[in-house]
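A note on names: the letters A, B, ... follow the listed sequences, proteins ahead of strands, and every chain is numbered from 1.
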Amino acid sequence: MHRRVRLRLFSTAAVSRHRSPSGAISYEDNSNNGLRHQQQLDQHIARGQLGLAHKVFDAISAPDARAFNALIRAYSWRGPFHAAIDLYCSMLHRRVAPNKYTFPFVLKACSALADLRCGRAIHRHAAAAGLHTDLFVSTALIDLYIRCARFVAAANVFAKMPARDVVAWNALLAGYAQHGMYDHAIAHLLDMQADGHLRPNASTLVTLLPLLAQQGALSQGTSVHAYCIRAYLDQTEEQVLVGTALLDMYAKCKHLVYARRVFDGMPVRNEVTWSALIGGFVLCNRMVEAFSLFKDMLAHGGLCFLSPTSIASALRVCASLADLRMGTQLHSMLAKSGIHADLTAGNSLLSMYAKAGLIDEAEMLFDEMEVKDTVSYGALLSGYVQNGKADEAFLVFKKMQACNVEPDVATMVSLIPACSHLAALQHGRCSHGSVIVRGLATETSICNALIDMYAKCGRIDLSRQVFDKMLSQDIVSWNTMIAGYGIHGLGREATTLFLGMKNEGFAPDDVTFICLISACSHSGLVTEGKHWFRTMTHKSGIQPRMEHYICMVDLLARGGFLDEAYEFIQNMPLKADVRVWGALLGACRIHKNIDLGKRVSRMIQKLGPEGTGNFVLLSNIFSAAGRFDEAAEVRIIQKVKGFKKSPGCSWIEINGSLHAFVGGDQSHPHSSDIYEELDNILIDIKKLGYQADTSFVLQDLEEEEKEKALLYHSEKLAIAFGVLNLSEDKTIFVTKNLRVCGDCHSAIKYMTLVRHRDIIVRDANRFHHFKNGQCSCGDFW
DNA sequence: ATAGGGTTAG
């Protein structure tokens, strides 16, 4: 602030008036003394001792332009940049005229600080001194305006230059490149070549290549490669720089073969070269190779090649492969090499632990970090969301705001799914509002997260609104919207949207078909689903993955074609994994096919059951058939093998706060009211013909007690709480972490009649819209 | 010239 005020005190007129007539060196403080000081000043600056240099400077009674310039230049090199600007101000104050060796350096300091106001003032001073079209001054001005994203101003300076060298051309090109202005950059490059004698140099290429990489412009990149070969770069340093930029361009275009070839052909490589190649393999999801390259690098260059960048890539490999042993080793390597304090390295480590589910470890690391930024908070936040601790994620978000760390696109994209997990519409709407306030509401990835959130919070209509209002949809937008229709059992809408997508020229990808087929499955559209599977393999040329087979088995089996599903599994080219068999087992329960269920469960046991769902499923199948001994046996095996079933939990959002219940829960402050209401509901629904489906209760209890065990299931508690707290016109919306139980499903249908309510239950799989005694899932879920 | 947190599926 102080500095700006002082700058404005001096008009451009003052500058020109006191400009030294010749620019020649003249010492006002009587020769010898001044000469000695100047020599000392130069010496200290050469040794990088800026403190001492400044002391010598202060001892000069009347420093001249040369003394000022020397110190300004030194400060503009590595900072502190404001010291350079302060010196410039003092220069004006003491009526020493800045010259063509002053302006470029003080402008460089402004550029480093992105101080546009200061820079503009200096621009005026330079113009008054008639130096604004000087080659070096102009180039410095271009740098400044680019840094402040003032492209027109930069181009104006460029246009006014009487003569330009490659550096000037490169300065403007760098601006276009850094801001992803592909068309401007290419046009500028063509102008440069048309202008005559100037040829792109190494610096031009190193500026241009990252832009091509970012745009995925492989063919243009290849032309640049060809030019590089013709242009023959003789300096080693240039070869490494250009070679690395080329390699990176190929890697970012996912052309690893060429990236590798460039790498192999390079006579000299540095740590950046290695990092770029490793990053390329990570980008292409070739994690094992990426890690072996990392080891090669260490074998080749030792620890001095270890940088925060390469460590970051290696840690991403560990996170992706869920290899904690390797990750921990890297952690200690990091500590030994002394780069543990680096922000990037720290964030990578934090993220690795968070993704691996070691959230406590991540939290500890986070607390220990001395410098934290948006990314650090984002890593922790998404760690909580990914590990199912959505409420903790909100706390991190609050903490972040309390610490004045501004949430950005990635932060919000991580936070919004936390609302989806909780199915907390109010939270979701708040996040939506927050996104609008921050001016992020037009971001594609944010809209995608919002579409998903509204769908999972039961408002598919709002999902569609967000989708329709988007400036430009990407493949994820379409997939998310199709999936949203799917979990609401709106298979027809999903299909229509899919066709619309193709009409707009979007090529469906592998995930699109997963969304589409599962949408068909949830709506019982078996024929359509089979049709889309064939379309995918024959027309779209997409190789089915295990996920597609899971969807198909689910589609066939849920639709009642159990034998066909079984046959389908046996004919599939991949070896079916537990999830495929699990899908079939789930359908055996719905269709009460015990024989097949037993066979399938044997397959699953051979494969080693993953998770816990399948044990519970099998045991429920036995119970449903009244074969309690066998059901109990399955539970015992489950216990012996050490699998725990996560407890069923349901929750409901009332006026923006969440109320969660587990089965038989009495911890809620209004517990007695809730239980009383439930008992009343039971009396009413029995009058309409409801019978408790006690076949699902395992314990050896009297019939009435079994009924009670069912009555206090978590979803029923949450609904009763909703009945008590919401007016009749409001839909009751309950979320459950597991699949809704069969008895509850039947009871809730009756509840809609006796309490005149619409009830929506979102379980682990899908939505159930209960209305007028019926459910949207058609009793298949 | 390289790099850290992010949305879709069952």
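Between the OG atom of Ser540(A) and the CG atom of Asp509(A) there is a distance of 10.0 Å, given to the nearest 0.5 Å. Annotation: the span from Ile416(A) atom CD1 to Asp452(A) atom CG amounts to 9.5 Å, rounded to 0.5 Å. Note that the CZ atom of Arg762(A) and the NE2 atom of His488(A) stand 9.0 Å from one another [nearest 0.5 Å]. Going from atom CE of Met412(A) over to atom CD of Glu443(A) covers 12.0 Å, rounded to the nearest 0.5 Å.
Of the possible polar contacts, one joining the Ser463(A) side chain to the Ala455(A) backbone as a donor-acceptor pair under 3.5 Å is found.
Residue Thr512(A) is out of contact with every strand shown, counting any heavy-atom pair closer than 4.0 Å. Nucleic acid contact class of Asp509(A) (heavy atoms, under 4.0 Å, all strands): none. Val476(A) comes within 4.0 angstrom of a nucleotide base, judged by non-hydrogen atoms across all strands. Within the nucleic acid shown, Thr444(A) has no heavy atom closer than 4.0 Å to any nucleic acid atom. Here Asp373(A) lies in heavy-atom contact (under 4.0 Å) with a base. When heavy atoms are screened at a 4.0 angstrom cut-off, Thr309(A) is found touching base atoms of the nucleic acid. Contacts of Leu277(A) with the nucleic acid, taken as non-hydrogen atoms under 4.0 Å apart, are absent. Residue contacts shown for Asn270(A) include a base, since a base heavy atom lies under 4.0 Å away. Within 4.0 Å of Glu238(A), counting heavy atoms only, lies no atom of the nucleic acid at all. Contacts of Lys372(A) with the nucleic acid, taken as non-hydrogen atoms under 4.0 Å apart, are absent. Contacts of Val409(A) with the nucleic acid, taken as non-hydrogen atoms under 4.0 Å apart, include base atoms. No contact: Arg269(A) has no heavy atom under 4.0 Å from any strand.
When the nucleotides dT2(B), dA1(B), dG5(B) are ranked by their closest atom to the side chain of Val206(A), dA1(B) comes out on top. Nearest nucleotide to the Thr244(A) side chain, out of dA9(B), dG6(B), dA1(B): dA1(B). The listed nucleotides are dA1(B), dG4(B), dT2(B); the one nearest the side chain of Ser275(A) is dT2(B). Nearest nucleotide to the side chain of Lys456(A), out of dA1(B), dG5(B), dT8(B): dT8(B). With dG10(B), dT8(B), dA1(B) as the choices, the nucleotide that has an atom nearest any side-chain atom of Glu547(A) turns out to be dG10(B). Taking every side-chain heavy atom of Val511(A) into account, dA9(B) is the closest of dA9(B), dG4(B), dG5(B). The side chain of Ser382(A) sits closest to dG6(B) out of dA9(B), dA1(B), dG6(B). Candidate nucleotides dT7(B), dA9(B), dG4(B) were compared by shortest atom distance to the side chain of Arg545(A), and dA9(B) ranks first. When distances run from any side-chain atom of Lys252(A) to the nucleotides dA3(B), dG4(B), dG10(B), the shortest one goes to dA3(B). The side chain of Ala276(A) sits closest to dT2(B) out of dG10(B), dT2(B), dA9(B).
For the pair Tyr549(A) OH and dA9(B) P, the computed distance is 21 Å after rounding to whole Å. Between the CG atom of Leu343(A) and the P atom of dT2(B) there is a distance of 18 Å, rounded to whole Å. If you measure from atom CG of Leu211(A) to atom P of dA1(B), you get 12 Å, rounded to the nearest angstrom. Atom CG of Leu247(A) is separated from atom P of dA3(B) by 11 Å (rounded to the nearest Å). Rounded to an integer number of Å, the gap from Leu283(A) CG to dA3(B) P is 9 Å. Atom CD1 in Ile487(A) sits roughly 11 Å away from atom C1' in dA9(B) (whole-Å rounding). To the nearest angstrom, C1' of dT7(B) lies 14 Å from CZ of Phe467(A). dA9(B) atom P lies 17 Å from atom CZ of Phe513(A), rounded to whole Å.
The side-chain tip of Lys399(A) does not point at the ring of Tyr377(A) from less than 6.0 angstrom away and within 45° of straight on.
Under 4.0 angstrom from either OP1 or OP2 of dG6(B) there lies at least one side-chain N or O belonging to Lys355(A). At least one side-chain nitrogen or oxygen of Gln386(A) sits closer than 4.0 Å to the OP1 or OP2 atom of dG6(B). For the OP1/OP2 pair of dG6(B) and a distance below 4.0 Å, the side-chain nitrogens and oxygens of Ser445(A) include no atom meeting the criterion. OP1 or OP2 of dG10(B) sits under 4.0 Å from a side-chain N or O of Ser518(A). Proximity of Arg316(A) to the phosphate of dA3(B): no side-chain N or O atom is located under 4.0 Å from OP1 or OP2.
Residue Phe513(A) is tested with Phe498(A), Trp478(A), Tyr549(A) for a ring-ring contact (aromatic ring centres under 6.0 Å, His included); the sole match is Phe498(A).
For dG5(B), the base has a donor-acceptor partner in the side chain of Thr411(A) [N/O atoms by modelled type, under 3.5 angstrom]. Scanning atom types as modelled, no donor and acceptor separated by under 3.5 angstrom connect the side chain of Asp510(A) and the base of dA9(B).
Between the side chains of Asp763(A) and His768(A), at least one donor N or O sits under 3.5 Å from an acceptor N or O.
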